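What follows is a set of notes on a single structure, which appears directly below.
Start at 1 and go down the list; that is how both ligands and their atoms are numbered. Please read all numbers here as calculations on a predicted model, not as lab measurements.
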Amino acid sequence: MQKIAVVTGGAGFLGSHLCDKLLSENMKVICIDNLLTGRVENIEHLFGNENFQFIKLDVTNYIHIPGRVDYILHFASPASPIDYLKFPIQTLKVGSLGTHKALGLAKDKNARFLIASTSEVYGDPLIHPQQEDYWGNVNPVGPRGVYDEAKRFSEAMTMAYNRYHSVDTRIVRIFNTYGPRMRLDDGRALPAFISQALKGEDITVFGDGSQTRSFCFVSDLIDGIYKLLLSTEVNPVNIGNPNEITIEDFAKEVIKLTGSKSKIIYQDLPADDPKVRQPDITRAKNILGWQPKIGRQEGLRITLEYFKKELK
Ligand code: UDP
């Protein structure tokens, strides 16, 4: 029988790629989004598809979906630092109330539930690279706390529904991801650097640029999430690309790739900005047989083409 999946946040960067993937695996997809940070443009190409349905809804309110549902993938949340600083209460609500509602739907439908968690659960990590059994170093009252704690709560709620209501659950911890459909203005390093380079503006590196990140191309990430969804693993699984780079070197890489004449300028480091980040993907490799395939050079070239079109 054809599977039916609900994707919350389905009009977002990751959510929309997930809708594409599930449709390509011959599922019916019900995409829910309140369009706070998601965009209709990300799913417009699916509107003619008879297996696709879009419902504009805030998942912090009651979610009613008639009929059978097999999978619920809860991806609704602002996810870039400037978005969750702009919408702190909505971020906390969608991670707490929204996760509760989505889990309630999963319980009612006897559906498998997958929560989009994050490397931010590790905070400014004291263990490097980050393994899933590390409990993290998060400042609950700092500006990033609204996102980090919402996601930590989501994980706790997910495990509670698994243990006490026997809901079949999965937790993916998503590390920095990039690719087409990222918003040019979402404030993250990659879209900021590429748009600054293309416009010939100064590249804004925060702090001295020695902090590190590890960037995963979106198709690799979606492939890992899909494998996790179909697996039996209930414990959290890191999905990301372990290839780590300093933000300063990353800025230089973008300048070289775009052939831009932009100069790097250094600005204040935001509060609680993690100094290092790299996923340990041993668990994903062993359990899912997954590892990323697209290197940064190739992924950046594809993303650059997308941003050039967006800037026209
Ligand atoms: N960053 C930067 N310049 C920018 C945007 C971000 O130097 O214009 C830095 C930011 O301080 C962080 C890293 O780049 O150290 C990655 O930031 P991003 O917002 O992409 O996501 P994060 O990994 O912090 O969630």
**Request:** Pull out every atom of ligand 1 sitting under 4.0 Å from any heavy atom of Asn176, numbered as shown with elements.
**Result:** 21 (O), 22 (P), 23 (O)
**Message:** Need the ligand 1 atom indices (1-based, order shown) with element for anything under 4.0 Å from a heavy-atom of Gly187.
**Reply:** 5 (C)
**Message:** If the contact criterion is a heavy-atom separation under 4.0 Å, does Arg277 count as touching ligand 1?
**Reply:** yes
**Request:** Scan side-chain atoms only and decide if Tyr122 and Arg173 contain a donor-acceptor pair under the 3.5 Å cut-off.
**Result:** yes
**Asked** Does an N or O anywhere in Ala189 fall below 3.5 Å from an N or O of ligand 1?
**Response** yes
**Nitrogen or oxygen atoms of Arg213 and ligand 1 under 3.5 Å apart** = yes
**ligand 1 N/O within reach of Leu269 N/O, cut-off under 3.5 Å** = no
**Message:** Between ligand 1 and Arg144, can you find any atom pair, the residue atom being a heavy atom, that is separated by under 4.0 Å?
**Reply:** yes
**Message:** Looking only at the side chains, is there a donor atom on one of Thr258 and Ser260 sitting less than 3.5 Å from an acceptor on the other?
**Reply:** no
**Prompt:** So, does Ser80 sit close enough to ligand 1 that a heavy atom of it is under 4.0 Å from the ligand?
**Reply:** no
**Prompt:** With sequence neighbours excluded, what pairs up with Lys227 under the salt bridge (charged side-chain N to carboxylate O under 4.0 Å, His left out) test?
**Reply:** Asp223
**Message:** Within the structure, is a non-hydrogen atom of Phe193 found at a distance of less than 4.0 Å from ligand 1?
**Reply:** yes
**Message:** Any donor-acceptor pair under 3.5 Å linking the side-chain atoms of Thr169 with those of Asn162?
**Reply:** yes
